[in-house]
Amino acid sequence: MKYGYFDDKAREYVITTPKTPLPWINYLGNEDFFSLVSNTCGGYSFYKDAKLLRLTRYRYNNVPFDNNGKYYYINDGHGIWNPGWQPVKTPLDFYECRHGVGYSRFTGKKRGLKAEVLAFVPLGDNCEINRVTITNESEDKRSFKLFSYVEWCLWNADDDMKNFQRLLSCGEVEVKGSAIYHKTEYRERRDHYAFFSVNEKIDGFDTVRDDFLGAYNNNDEPDSVVLQRSNNTLASGWSPIASHQICITLEPGESKSLIFILGYIENPRENKWESYGVINKKPAEELQEKYSTDEAVDKAFSALGDYWDSLLSRYHVESADEKVNRMVNVWNQYQCMVTFNMSRSASYYESGIGRGMGFRDSCQDLLGFVHLIPDRARERILDIAATQFEDGRAYHQYQPLTKKGNSDIGSGFNDDPLWLIACTSAYVRETGDVSILKESVPFDNDDSKAAPLMDHLKRSFDFTATHKGPHGLPLIGRADWNDCLNLNCFSEHPGESFQTFGPSEGPVAESVFIAGMFVKYGEEYAQLAELLGDESEAKRARDEVKKVYEAAITAGWDGEWFVRAYDAHSNKVGSKECEEGQIYIEPQGFCVLAGIGVKEGLAEKALKSVEERLDTKYGVMILQPAYTKYHLELGEVSSYPPGYKENAGIFCHNNPWVSIAETVLGHGDRAFEIYKKTCPAYIEEISDVHCTEPYVYSQMVAGRDAKFFGQGKNSWLTGTAAWTFVNISQYILGVYPTHNGLSINPCVPADFGDFSLTRKYRGAVYNITVKQNGSQSGVKKLIVNGKEISGNVIPYEENVKEYTVEVEM
Ligand code: GLC
Ligand code: GLC
């Protein structure tokens, strides 16, 4: 069952009923100001950091799931309704939500009135614009009242939901004209405030939540809206809100638009005040003025469209499969941008107060983002590297506002350091900008301990090379990519976090997955060393890689597949010897994509085993058989009920690893089959089973052992976005950036058909056409600007700005 459809031309997903199985959300904002917005106008806004600078309040863990947002209420004299249906939930005569790239549009109709809301964050300004357009589609003249509503968050979202004894006495506002200003804590250490304004004279306002709602009401029946009067009261403590009241009369056919702005302003400390106790509103008023006309809003909106046109033109495919085109050209890249912006901080499953920018997460997000805006990727790489410790280890996350690492969700995950090599290599291959390797970057954000980025990578590499266990495999530390494989933890009491409890390091437990990473990124590190002319470092690296490769195909091999790990007692994890959890997906995917066991014939076997033991119609499960008991020696992985999360869920993130691995072996049919299983556009038809948004990936789909097999969870903020984009764009469609130029090596299903691609790369445009000839892999002929070349790599030449590339498979 579907709840909408793709409008490919408009790059929108059109939701046709508000009653989706879960809130289906979108993200607004490209730089510093962000909003989450659901298909019923729920959500919240923040500046830079969802925890530290939250602008509007959201209610987690509430019923209904999606509670609080930017709401517009219309009281037309016969009843109250919202254009986005919630919170009043009056059945609408027509409802539509269009989620597009960086904007959402809502249309609701009731009793002859049509209300449209266009919501977006303009480029270059710290605000969200909501243009509300109301049209009288009836035959009669209509008079009605419109009320807006946002509830302020008292800045630190974590404190806001805990520290009532203090914060309920802190709230402060000002009202001037049609703008309501939220200035809590401005009198003391904050130099910022927020405002909610409208470009129209208002007929009343509310800033005291209990006055607006009534002390015992929820936001589905606010007193002010029901009684059709605002209180015009100024908040002092408690919960400040911003609500405008506007009386409107429309002739038949007449329309009226109102431009609401939610803005964030930072003032220079010496210029905070206009007069004693009165905030300096000048910058806010300038912003309100800037977007006070429809023309200005139209212009900003079309600039946003142009911005996305230009970003998305950097990789564009035309194939016979419209779902591939739709995901590659719009949604997958869009989600990569969102994961780049948010990491794992703010979604409807990430509260914005728990996790921030993950070290490994953000490094991987970059893999799917680096082609979009290389300069921002560069800055991010340097920010992440600056949180690394001198011995190569890493904090597991940092806060976006401060950019400082913290151990709130643990540290000592031994895969973390290697991901820094992965994203740096991707950046240099994309741009050719070797200078990044020479940038001086602090350790642990301490400038006195700075070293060139290449030195950080060396320490990443050496950390693994010098932390090996009894089998010569890398030590796992607190866990590797699989946060839940806690082999040194041994937690016996509820409430102990598996990621922070116990020692972060043990001298015995080893990871075959990290071995796969070391082989892949060790080679990429060696290539970077070569670029810098350091042949001996490259050789040293390759020698180290060789050792780990050997360990992986010996101690890391179980007969039919790769072992997952060795636990703290040196027992195998993910082996036929185990009672539960005999095979895990990660080492199969990652070792094979790193090339381990290909020439020895092990890779074929490993992927066969994956197909036989882990595959389902909804994707490849992370392990089998699921753990039915809690294993003290394994930790969190065995804590989840069978079929969920890391315990035999379909963890979408590592499905592309297996798909890429299949392309390494030239299996186009199978690679694509795996790609399709978790790809949102292909499972749109089962939205009632899948439940999450049909336009983005979810972190997890419940596995075969779960009660709700096929149900998605944790949509949006997942490394799946980046890895599937890498998979489809670089391996399946086969356009892979190397240090010397683009390599062309598609691996597609036999019946895929011919396709063409545009790729912008290092300032040049590549127009690529592929004649597939029913072949799954292998390039027979490569003609570049009329000349046939040998090999797969189109040599990059600085002065050639356009390449016509003809490929025959
Ligand atoms: C989550 C985490 C990621 C981890 C994965 C597997 O997606 O954000 O860091 O690798 O789970 O545990
Ligand atoms: C990842 C895992 C999750 C685990 C968490 C701990 O998100 O997916 O299962 O609880 O990391 O930080």
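In this chain, numbering begins with 1 at the start of the sequence shown. This is a predicted model, so every value here is computed, not measured. Numbering of ligands and ligand atoms starts at 1, following listing order.
- Summary of contacts: the protein heavy atom closest to atom 6 (C) of ligand 2 is Q499 OE1, 3.3 Å.
- In the displayed structure, K404 atom NZ is contacted under 6.0 Å by at most 12 heavy atoms of other residues, nucleotides or ligands.
- When Y60, W24, Y58, W716 are each tested for a ring-ring contact (aromatic ring centres under 6.0 Å, His included) with Y348, only one passes: Y58.
- Ligand-side atoms of ligand 2 in range of Q699: 7 (O), 8 (O), range being under 4.0 angstrom from any heavy atom.
- No side-chain donor from either of T692 and S715 sits under 3.5 Å from a side-chain acceptor of the other.
- Contacts between W481 and ligand 2 below 4.0 angstrom, taking non-hydrogen atoms only, are absent altogether.
- For the ligand labelled ligand 1, residue T718 lies outside the 4.0 Å heavy-atom shell.
- If you check which protein heavy atom lies closest to atom 1 (C) of ligand 2, you get D483 OD2, 3.2 Å.
- Near Y640, with a cut-off below 4.0 Å to any heavy atom, the atoms of ligand 2 are 3 (C), 4 (C), 9 (O), 10 (O).
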- Task: Determine, step by step, whether D483 and R360 satisfy the salt bridge (charged side-chain N to carboxylate O under 4.0 Å, His left out) criterion, reporting the C-alpha distance in whole Å, the side-chain angles of both residues, the deciding distance to 0.1 Å, and the verdict.
- Result: CA-CA 11 Å; D483 271 338; R360 81 156 80 86; 2.9 Å; yes
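- Contact between K645 and ligand 1 is absent, with no heavy atom of the residue lying under 4.0 Å from the ligand.
- With a 4.0 Å cut-off on non-hydrogen atoms, R355 touches ligand 1 through its side chain and not its backbone.
- Short contacts between ligand 2 and C484, defined as distances under 4.0 Å to a heavy atom of the residue, involve ligand atoms 3 (C), 4 (C), 9 (O).
- Every atom of ligand 1 with a heavy atom of N482 under 4.0 Å away is listed here by number and element: 12 (O).
- Counting only distance, with no hydrogens or angles, the side chain of E684 and the backbone of P680 share no donor-acceptor pair below 3.5 Å.
- Contact annotation: for D361 versus ligand 1, heavy atoms closer than 4.0 Å belong to the side chain alone.
- Annotation: ring-ring contact (aromatic ring centres under 6.0 Å, His included) contacts of Y349 (sequence neighbours excluded): none.
- Remark: the backbone N or O of F463 is paired with a side-chain donor or acceptor of H467 at under 3.5 angstrom.
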- Message: Working note: R704 + Y618, criterion side chain to side chain donor-acceptor pair (under 3.5 Å); need CA distance, chi angles, decisive distance, verdict.
- Response: CA-CA 9 Å; R704 202 172 48 207; Y618 297 130; over 6 Å; no
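- Summarising the contacts of atom 10 (O) of ligand 2 with E646, E636, M700, the nearest heavy atom is found in E636.
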